[in-house]
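Throughout, a chain's letter reflects where its sequence line sits, starting with A, and its residues are numbered from 1.
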Protein chains: 2
Amino acid sequence: MTLDDTARSPRSGGYANGRARREQILDAAMALFGEVGYRSASLREIAARSGISHPGLLHHFPTKEALLLATLERRDEIDASGMNEDGDGDDGVGLLRRLVALVELNSRRRGVVELYAALSAEATSADHPAHEYFLERYRRTIAAVSRAFALAREQGALRPGVDPALAGAQLVALMDGLQLQWLLDGRTDMPGAVRAQIESQLTVPL
Amino acid sequence: MTLDDTARSPRSGGYANGRARREQILDAAMALFGEVGYRSASLREIAARSGISHPGLLHHFPTKEALLLATLERRDEIDASGMNEDGDGDDGVGLLRRLVALVELNSRRRGVVELYAALSAEATSADHPAHEYFLERYRRTIAAVSRAFALAREQGALRPGVDPALAGAQLVALMDGLQLQWLLDGRTDMPGAVRAQIESQLTVPL
DNA sequence: CCTACCGATCGGTAGG
DNA sequence: CCTACCGATCGGTAGG
């Protein structure tokens, strides 16, 4: 709201502090939701990690559920900005190459992987506050990957007999399952397994 | 301990009642652990579903953790008896065919799938009481599936260039990811996707 | 943003 | 197997 950078210092007015505090809370929430899931995470623990009291946290996010949804929104923003910066081309093979790069990135962000592993399992319950979110997220993700395989077919790069829709669902399932193995043993080569899976469906190397 | 069947009726002595009650508790625990995970499940709710008080439950299982481990043991027994009854042969392709049959069975047992989806995600935390159990379980399962692919290679049924160890890890990951999708949308064709995956690695039809 | 509090619920124990 | 209880913790609110 001002051109002077010093105006954003802690002493000044404006909402810069509030915004920073919100992000601090969301980071702590993301970490704890990933560690123990939504149901078992306590507002008091998230607040303590953010350096405030738990009623202080509730000033920024009125309910635990609102905090969860804000956490998911924030992750989507970060992922969206990450996925769009590469320049691998928008054809099917390029999109699939980009997907491997995303898996490589995730294997350096354990917190993100933990968050989705914990919440996607929890959210299979119909009454979970993130149930609709994950339903829609899977629908959209599988559709996007299936479209990448369909585009690869137009390029003549898809192995004959491969159904793009099935290959899309399979690849998303593979990625989720690999995350579990990697979180458990810390050794599983997620990008390698994803790359091999994609290449087994294509007639060209990645 | 007696040859007279009527001696096992509710009024009589012996431990038949205790055994039946234990199984009742384990069934309720399996269901609730699947619905909300281990951490969020309460002994009181499991006890209520079993028709006893929660100190009554603690008479049969001294701690919540002991109940969890007993639940996992019971599931293993049931699965082991189910996996051994088919007669598909013990060669690689036969074992893989049996795996598809197991997935078909699981798609009629939502409770079992829920239990493993919820607990395997929770147990990625190093301090979870089932952490070691799932580490060992994945190690063993992936080894068994990898061995099936290795046997298939000896039969000349494996597609050239396929690494049995990688194919094993991929197939297990695929199964876990498909379970998530199926639990979420109730539509995903788990056996179809698993069968297609296996066939894409083989040179013979299943 | 805080302290102080609410009613509910938790795993486990005492004592029978 | 029960009732009754323990100390701890939960999400959320009151009041400032």
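- A/L58 comes within contact range of at least one nucleobase, with a heavy-atom separation under 4.0 Å.
- Checking the phosphate oxygens (OP1, OP2) of C/dC1, no side-chain nitrogen or oxygen of A/S53 falls inside 4.0 Å.
- Side-chain N/O atoms of B/R44 include none lying less than 4.0 angstrom from OP1 or OP2 on C/dA8.
- At least one side-chain nitrogen or oxygen of A/S42 sits closer than 4.0 Å to the OP1 or OP2 atom of D/dC10.
- In this structure, A/R75 fails the cation-pi test against A/Y116, since its NZ or CZ atom is not both closer than 6.0 Å to the six-membered ring centre and inside 45 degrees of the ring normal.
- Look at D/dT3: its Watson-Crick or wobble partner, with both distances under 3.5 angstrom, is C/dA14.
- Checked against D/dG11, C/dT13, C/dC1, the side chain of A/H54 finds its nearest nucleotide in D/dG11.
- What separates CD of A/E45 from C1' of C/dC10 is a distance of 17 Å, to the nearest Å.
- Out of D/dT13, C/dG12, C/dC1, the shortest distance to the side chain of A/H59 is found at C/dC1.
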| task | Run the numbers on A/R49 and A/E45 for salt bridge (Lys or Arg N to Asp or Glu O under 4.0 Å), then give the verdict. | result | CA-CA 6 Å; A/R49 294 184 184 190; A/E45 174 67 20; 2.8 Å; yes
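- Phosphate contact (OP1/OP2 of D/dC1, side-chain N/O of B/H60, threshold under 4.0 Å): present.
- The residue among A/R21 and B/A41 whose nearest nucleotide of DNA chain C lies closer to the 5′ end is A/R21.
- For B/T63, the listed nucleotide lying nearest its side chain is C/dG12; candidates were D/dT3, C/dG12, D/dT13.
- Note on A/R97 versus A/D91: no salt bridge recorded, every NZ/NE/NH1/NH2 to OD/OE distance being 4.0 Å or above.
- B/L180 has its side chain within reach of A/Y138: a pair of non-hydrogen atoms, C-beta onward, lies under 4.5 Å apart.
- Closest to the A/P55 side chain, of the nucleotides C/dT3, D/dC2, C/dC1, is C/dT3.
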